[in-house]
Amino acid sequence: DAGITQSPRHKVTETGTPVTLRCHQTENHRYMYWYRQDPGHGLRLIHYSYGVKDTDKGEVSDGYSVSRSKTEDFLLTLESATSSQTSVYFCAISAGQGGNQPQHFGDGTRLSIL
Amino acid sequence: KQEVTQIPAALSVPEGENLVLNCSFTDSAIYNLQWFRQDPGKGLTSLLLIQSSQREQTSGRLNASLDKSSGRSTLYIAASQPGDSATYLCAVSRGSSGDKLTFGTGTRLAVRP
């Protein structure tokens, strides 16, 4: 299994509070991704990174920010959590771009916002 | 906008049966197509990756085919086992963005002993 650790694995918080999810990898892969998974929608890309300090938006980026100060860590922040952000969040990593390398996923963080 | 559809949404088969899972996509300008499995409460496990220039990939009892022109892929599972029970997801990479993936909503497979 690819060395990907997501923390926390579960979190319950209240509307309006800030939340930070962490993805840590030991594979030294350049590309990292944050997805959310919701019933009926499948997985949708939130943000991704193609190197240290290099990030870009995905299809559902509103309300989320990311940071990558080291190759191994990719942080996802909800500045002011809303109930619509209740979801399961997955981090993924990839060694290459251009479609020649598979993405490998962490076990997810289940986030509930009350 | 790329849309990915997987049919059927759920499937139950007896052990030992050969089965086919289907994936269709609307925009044929893809870099690759990937098949994943997801066990309950777990992340996704990459099964097969087919690059746009390829027609199929095989791994053990799994065979995935790709027909870009018709926007279709199939995942063939031979001699199914109860351990194959999981949700199977296909995803296509967006043409100009390398490996940003668009996912289908999956096929939930149950293999009965």
Side-chain angles (χ1 to χ4, degrees), chain A residues 1-7 9-10 21 23-25 27 29-51 54-61 66 87-110, chain B residues 1-7 9-10 23-25 27-54 57 59 62 64 66 68 73 86-108:
Chain A
D1 289 348
I4 307 168
T5 304
Q6 292 188 232
S7 59
R9 292 294 316 281
H10 303 272
L21 308 183
C23 178
H24 178 80
Q25 60 143 330
E27 306 297 320
H29 283 353
R30 179 179 175 186
Y31 298 90
M32 299 185 74
Y33 308 82
W34 278 108
Y35 294 89
R36 59 178 289 175
Q37 185 175 35
D38 304 287
H41 290 278
L43 279 91
R44 292 177 292 175
L45 181 66
I46 305 172
H47 281 280
Y48 69 103
S49 170
Y50 44 96
D54 291 324
T55 65
D56 204 351
K57 296 178 180 180
E59 62 181 302
V60 289
S61 59
V66 290
S87 186
V88 181
Y89 291 85
F90 288 100
C91 173
I93 65 174
S94 174
Q97 191 187 22
N100 62 350
Q101 296 289 337
Q103 291 188 19
H104 300 282
F105 284 73
D107 283 339
T109 293
R110 186 172 296 275
Chain B
K1 178 185 176 185
Q2 178 75 272
E3 293 184 1
V4 181
T5 303
Q6 292 187 247
I7 294 173
C23 173
S24 61
F25 47 94
D27 185 351
S28 62
I30 64 171
Y31 276 19
N32 69 39
L33 183 143
Q34 296 182 46
W35 282 95
F36 298 87
R37 73 172 276 167
Q38 185 176 27
D39 295 288
K42 294 290 188 179
L44 281 67
T45 300
S46 179
L47 297 174
L48 291 164
L49 180 151
I50 310 175
Q51 297 187 36
S52 61
S53 59
Q54 299 174 322
Q57 282 285 338
S59 176
L62 305 180
L66 173 64
K68 267 186 56 175
S73 176
T87 296
Y88 290 80
L89 299 157
C90 72
V92 297
S93 64
R94 301 178 202 177
S96 61
S97 306
D99 54 3
K100 288 196 289 185
L101 298 177
T102 301
F103 282 85
T105 52
T107 294
R108 189 169 65 253

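It should be emphasised that the depicted structure is a prediction, and the values quoted were computed from it without experimental measurement. Below, chain A is the first sequence line, B the second, and so on; all start at residue 1.
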With sequence neighbours excluded, tell me which residues meet side-chain hydrogen bond (donor to acceptor under 3.5 Å, both in side chains) with Thr102(B). Arg94(B)

Can you list the residues that meet the side-chain hydrogen bond (donor to acceptor under 3.5 Å, both in side chains) rule with His24(A), with sequence neighbours excluded? Arg22(A), Asp73(A)

With only heavy atoms counted, which part of [X] is less than 4.5 Å from chain B, the side chain, the backbone, both or neither?
X: Gln37(A); value: side chain
X: Arg9(A); value: side chain
X: Leu45(A); value: side chain

Considering all heavy atoms of both residues, which atom of [X] and which atom of [Y] are nearest to each other, and what is their separation?
X: Thr105(B); Y: His41(A); answer: CG2-C, 4.0 Å
X: Phe90(A); Y: Gln38(B); answer: CZ-NE2, 3.4 Å
X: Phe105(A); Y: Leu44(B); answer: CB-O, 3.5 Å

So with a 6.0 Å cut-off around CZ of Arg108(B), is the heavy-atom count from everything else above 12? no

Going from [atom1] on [X] to [atom2] on [Y], what distance comes out if it is rounded to the nearest 0.5 angstrom?
X: Gln34(B); Y: Gln101(A); atom1: CD; atom2: CD; result: 9.5 Å
X: Tyr33(A); Y: Lys100(B); atom1: OH; atom2: NZ; result: 9.5 Å
X: Ser46(B); Y: His104(A); atom1: OG; atom2: NE2; result: 6.0 Å
X: Lys1(B); Y: Glu59(A); atom1: NZ; atom2: CD; result: 6.0 Å

Part of Gln6(B) lying under 4.5 Å from any heavy atom of chain A: neither

Contact class of Leu89(B) relative to chain A, heavy atoms under 4.5 angstrom: side chain

